[in-house]
Visitor: 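There's a structure below that I have some questions on.
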Amino acid sequence: MISKAMRLARVGSGSELAAALLVALGFPCIMLAAIIPNLWFFSAATAVTYLADRYLHHCGSYLINRLAAVRAGLSIRFLVRQLLLILLLSRMGYGEETLFYVTVACLLAFYGLQAPQSAMVTLIRLRRKLPVVTRNIDLAAVRIADAPPQRLTSRPAEKMLHLDVFSMVGVLVAIETGKEVIAYAGLGLTLVLAVCYLAALLPYVRPSRLVPPETKVLNAVGNWLAEYRPTVMLYFSGSKDSAYQVNMWLETMAQLGGRPMILLRERNIVPQLATTSVPVLCVPGGVHLMNLDLSSVRVALYAANVGKNIHLLRVPTMKHVFIGHGDSDKIASVNPYSKVYDEVWTAGRAGRDRYALADVGVRDEDIVEVGRPQLAAIQSWSGTGKNPIPTVLYAPTWEGWDDNPGNTSLLLAGENIVRRLLKAEQPVRLLYKPHPFTGTRSAKAKAVHLRITAMIEQAAAERATDPRWAEQSAALQGEQAEARAELARIEARLAELAGGGRTARDEAELSRDSLADPAREAETAKLKDEWNAASWRAQGWWEHRVITGAQMRLYDCFNESDAMVSDISSVVSDFIASGKPYAVTDSAELGEDEFRRQNTAVRAAVILSNSAAELDALLAAVTDPAADTLADARSELKQYLLGPDEPTSIVQFDTAVTELAAKSDARNAGVATSLGEPVGG
C-alpha cells in the first residue's frame with residue numbers, strides 16, 4: 001500500500017511521503033486551531049508544517065512543483081500561515097488591540113519586502129548569465145566579476161520567507177505570556193533581517209558586478225576563435241544524463257593533432273563534463289552558433305544523432321563525421337540519419353558489415369575503421385581470477401524508448417540473474433552497475449532496479465556477518481581503514497582542484513576562471529586513478545557492491561571483474577577488449593541460433609535465457625580454463641569488432657582525422673578556385 005502511494009505521489013521515500021501528508025493535513029489543522037481557538041494546537045500544527053515543508057524542499061521533492069502548479073506554492077503557503085495567525089489573534093480577543101494592528105502592519109511590510117528581494121535575485125541571475133559557457137577559453141577581455149555568495153542566491157525565496165518564524169514565535173509566545181513586547185521583538189527582528197538581506201544583495205546588482213552585454217561576450221569568443229583557429233571539433237547535444245557520451249571522447253580529443261575543440265549545445269552538460277584541457281565552448285542559441293566564425297574547422301565529429309546537429313551540418317567548409325558513443329548491435333548503430341555525414345567511423349569490420357546488412361543508404365566507401373581509442377585502459381585477461389573467488393559484473397543496459405523486450409535484461413531476467421549469482425554453489429562476488437538511464441522512462445524498470453539493489457545490499461549485509469569471511473575481514477581491517485582515509489584525502493583534493501578554493505561560483509565565474517592547466521589536469525587524472533584503486537581496497541574482495549554514478553568508471557569495473565553479464569549494447573563490445581568470458585541475455589527469446597545470427601557481439605558469449613539457468617557455464621569458464629570453450633572465438637571476435645591492435649586505435653583515429661582534413665582543404669580550395677577567390681584556410 002505504501003509503495004503504491006509512493007509511486008502515485010512520485011516520491012522517493014516513505015519519509016518524503018509522510019512529510020507531504022503532514023503538509024497536506026497541517027494547514028487544515030492550523031485553520032481549525034485558529035477558529036476554535038486553541039493556542040497549543042495552533043503552535044504544534046504550525047511547527048509541523050514548517051518542518052515538513054523544509055524537508056520536502058531539502059530533498060527536492062516532485063510534490064513541491066506540483067503544489068506550485070495548483071496555486072499552493074511556497075509564497076502562498078507562508079502567506080496562508082500568516083493570515084491564520086492574524087485570525088488566531090482575532091479569535092483570541094486581540095481584534096481591537098494594538099498587537100493585532102502591529103502584527104498586520106509588520107506582516108504586510110514583510111510581504112512588501114519580498115518583491116524587491118525577488119527582483120534583485122532575478123536580476124542577478126539573468127544579468128550574470130552569459131550567452132555562452134566556456135572552459136579553457138580566455139575571457140579576460142570580458143572582465144567578469146566574482147559571483148555573489150551562494151548563501152545569498154541559493155534558494156533565496158525559502159530563506160526570505162522563513163524569516164517570518166521570528167514573528168510567528170514572538171506573537172505566539174506573547175499570546176501565551178501576555179507580554180506583548182515579545183511579539184514586537186519577533187516582528188521587528190523579521191523586518192530587520194529582511195532589510196539586511198536586501199542590503200546584502202544590493203552591491204551585486206551594480207553594473208560592475210554583472211556581466212557585460214551579450215555582444216561584448218560574443219565578440220570576445222569570436223576573437224578567441226580567430227586567434228586559436230580550431231581545426232577539429234567534437235560536437236554534442238543532449239540531456240545532462242547523456243554527458244557520458246561526450247565524456248568518453250575527451251581523452252581522445254586531447255591526444256589528437258591540430259587544434260581540437262569541444263562544442264556543446266546545452267548548459268546543463270557543462271557541469272557534468274569530466275576534466276579536460278581541450279577548449280570547451282557551449283553555445284545554447286542556434287543564432288549565436290550560426291554567427292560564429294568556424295571557418296578554420298576542417299573536421300567535425302558527432303557523438304550522437306540528435307536534431308540540433310543540423311545547426312552545424314549546414315556548414316560546408318568542414319567534413320562531418322559520425323563517431324557515435326559506442327559499438328553495438330543496437331538498431332541505433334545503423335541509424336538512417338547517418339547518411340547526412342560525410343563519413344561514418346566504426347571501430348572495426350563489424351560496424352561496416354552492419355551498415356551493409358541494414359542497407360540504410362550509408363555507402364561502404366564512406367565508412368572508415370578507426371578502432372576504439374577509449375579501450376586502451378582495459379586490461380587483458382591473464383586467464384586466472386584476480387581474487388580467490390570470481391567477480392562477476394552485471395551491467396544491463398536501459399529500457400530504451402520503446403517496450404521491446406530485447407532492449408534490456410533487467411525487466412524479465414534481471415532478478416533471476418542476480419538471484420542465481422548471489423546463491424551460486426561456489427561463492428561469487430557480484431558487482432551491479434546499471435546504465436545511467438535506467439528507470440528514466442519505465443517505472444517498471446526503475447522498480448526492478450530498486451528490488452535488485454535491495455537484494456544485493458541484503459546479500460552484502462549477510463556476507464558481512466558470515467563466519468566464512470570473518471578471518472579475511474579481520475586481516476584486511478587495517479588496509480581498509482587506510483584506504484578509506486585515502487579516499488577522504490583524495491576527495492578533498494579533487495574538490496579543491498575543481499573549486500579552485502572557491503565553492504560559491506556561478507556559471508559566469510567558472511567560465512572566466514576555468515582555463516587550461518595541464519598540471520591540474522594531470523593531477524586530477526592521477527587522483528581519479530588513485531581514488532578508484534582505493535575504492536576497491538576499501539572493501540573486501542568478497543563483498544557484493546552496487547555501483548552507480550560516473551565516479552566509479554565502467555572500465556575499472558571491467559578490470560576488477562573476471563566475467564560480465566550484459567545486454568546488446570556497446571558495453572559488450574567494449575568488454576570483449578578484455579578477452580574475459582561474458583554472457584548476454586536473449587530477453588526477447590529469439591533462441592540461441594537466431595540471437596547469434598542477429599547480433600555479432602554475442603558470437604563468443606554464453607547465451608542466457610530469461611531464467612538465467614545458463615550462468616553455470618559462465619562461472620565454469622572463469623574458474624576452469626578447460627571449460628572455457630569460447631576463448632578462441634572471443635579473440636577472433638575482438639579483432640572483428642574493434643579492429644587490429646596495431647597500429648593503436650589512437651593512431652588510427654588521428655590518421656583518419658588528418659586524412660579527412662586534407663579532403664576538406666582540397667574541397668575548399670576547389671570551390672575557391674571555381675569562384676575565382678584566393679585559396680586560403
Side-chain angles (χ1 to χ4, degrees), residues 1-3 6-7 11-18 59 385-396 409-411 413-436 438-439 445-488 491 531-554 556-557 560-566 612 615-616 618-619 622-623:
M1 178 75 80
I2 294 177
S3 298
M6 287 170 59
R7 288 197 299 273
V11 297
S13 65
S15 57
E16 192 177 336
L17 179 62
C59 62
K386 286 188 64 174
N387 299 306
I389 63 172
T391 296
V392 178
L393 170 66
Y394 179 40
S409 61
L410 203 66
L411 290 168
E415 290 173 275
N416 293 332
I417 292 169
V418 170
R419 190 175 295 110
R420 285 182 178 273
L421 289 172
L422 294 177
K423 297 183 180 300
E425 185 177 349
Q426 296 298 321
V428 171
R429 176 173 65 154
L430 174 60
L431 306 178
Y432 171 55
K433 187 170 177 61
H435 190 285
T438 297
K446 184 175 182 180
V448 173
H449 161 68
L450 293 175
R451 290 200 296 271
I452 286 176
T453 299
M455 288 169 60
I456 296 172
E457 290 176 346
Q458 180 180 350
E462 291 172 357
R463 185 164 281 190
T465 58
D466 192 323
R468 288 181 296 175
W469 314 104
E471 184 178 344
Q472 289 88 344
S473 179
L476 289 175
Q477 279 187 352
E479 182 181 343
Q480 290 176 343
E482 183 181 328
R484 286 190 289 270
E486 187 176 357
L487 283 172
E491 287 167 358
W531 186 94
N532 275 273
S535 182
W536 294 119
R537 294 199 311 274
Q539 290 189 307
W541 42 259
W542 61 92
E543 295 184 51
H544 304 303
R545 189 165 179 180
V546 176
I547 302 170
T548 56
Q551 197 168 26
M552 178 59 73
R553 301 169 301 200
L554 178 62
D556 291 293
C557 296
E560 183 69 15
S561 64
D562 302 303
M564 183 184 75
V565 179
S566 190
L615 273 174
D616 288 344
L618 177 69
L619 297 179
V622 173
T623 56

Visitor: Please say whether more than 12 non-hydrogen atoms of neighbouring residues, nucleotides or ligands are located less than 6.0 Å from CD in Glu482.
Guide: no
Visitor: Can you name the closest pair of heavy atoms from Trp541 and Asn387 and give their distance?
Guide: CB-CG, 3.5 Å
Visitor: For a quick test of reading the model, state the closest non-hydrogen atom pair linking Tyr432 to Ile452 and the distance between them.
Guide: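 Reported closest heavy-atom pair: CE2-CG2, 3.8 Å.
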Visitor: Rounded to the nearest 0.5 Å, what separation is found between the CH2 atom of Trp542 and the CZ atom of Arg463?
Guide: 10.0 Å
Visitor: Could you measure the distance from the OG atom of Ser566 to the NE2 atom of His435? Nearest 0.5 Å is fine.
Guide: 9.5 Å
Visitor: Answer yes or no: is there a side-chain heavy-atom contact under 4.5 Å between Leu619 and Val392?
Guide: yes
Visitor: For Ser409 and Pro396, work out which heavy atoms get closest and say how close.
Guide: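 Closest heavy-atom pair between Ser409 and Pro396: OG-CB, 3.9 Å.
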Visitor: Is a side-chain N or O of Thr453 found less than 3.5 angstrom from the main chain of His449, in a donor-acceptor match?
Guide: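 At least one qualifying donor-acceptor pair exists.
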Visitor: Taking all atoms of both residues into account, what is the closest heavy-atom pair of Leu487 and Ser535, and its distance?
Guide: CD2-N, 3.7 Å
Visitor: For residues 414-428, dump all side-chain donor-acceptor pairs below 3.5 Å to protein atoms at least two apart in sequence or in another chain.
Guide:
unit_1: Glu415; atom_1: OE1; unit_2: Arg451; atom_2: NH2; d: 3.2
unit_1: Glu415; atom_1: OE2; unit_2: Arg451; atom_2: NE; d: 3.0
unit_1: Asn416; atom_1: OD1; unit_2: Arg419; atom_2: NH1; d: 3.3
unit_1: Asn416; atom_1: ND2; unit_2: Asn610; atom_2: O; d: 2.8
unit_1: Arg420; atom_1: NE; unit_2: Ser611; atom_2: O; d: 2.8

Visitor: Who are the side chain to side chain contact (heavy atoms under 4.5 Å, CB included) partners of Asp616, not counting sequence neighbours?
Guide: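 Once residues adjacent in sequence are excluded, Asp616 has no partner under the side chain to side chain contact (heavy atoms under 4.5 Å, CB included) criterion.
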Visitor: Is the backbone N or O of Cys557 less than 3.5 Å from a side-chain atom of Ser561, with the two atoms forming a donor-acceptor pair by type?
Guide: yes
Visitor: Any sub-3.5 Å donor-acceptor pair from Thr391's side-chain atoms to Arg429's backbone N or O?
Guide: no
Visitor: Using modelled atom types and a 3.5 Å cut-off, is there a donor and acceptor pairing between side-chain atoms of His544 and backbone atoms of Leu430?
Guide: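 Such a contact is found between His544 side chain and Leu430 backbone.
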Visitor: Check Met564 against Ala395 and note the closest heavy-atom contact, atom names and distance.
Guide: SD-CB, 4.4 Å
Visitor: Look at Glu560 together with Lys386 and state whether they make a salt bridge at an N to O cut-off of under 4.0 Å.
Guide: yes
Visitor: Can you tell if the side chain of Thr623 reaches within under 4.5 Å of the side chain of Pro390, non-hydrogen atoms only?
Guide: yes
Visitor: If you compare all heavy atoms of Ile547 against all heavy atoms of Pro434, which two are closest, and at what distance to 0.1 Å?
Guide: O-CD, 3.5 Å
Visitor: For the backbone of Leu476 and the side chain of Glu479, can you confirm whether one donor and one acceptor N or O come within less than 3.5 Å of each other?
Guide: no
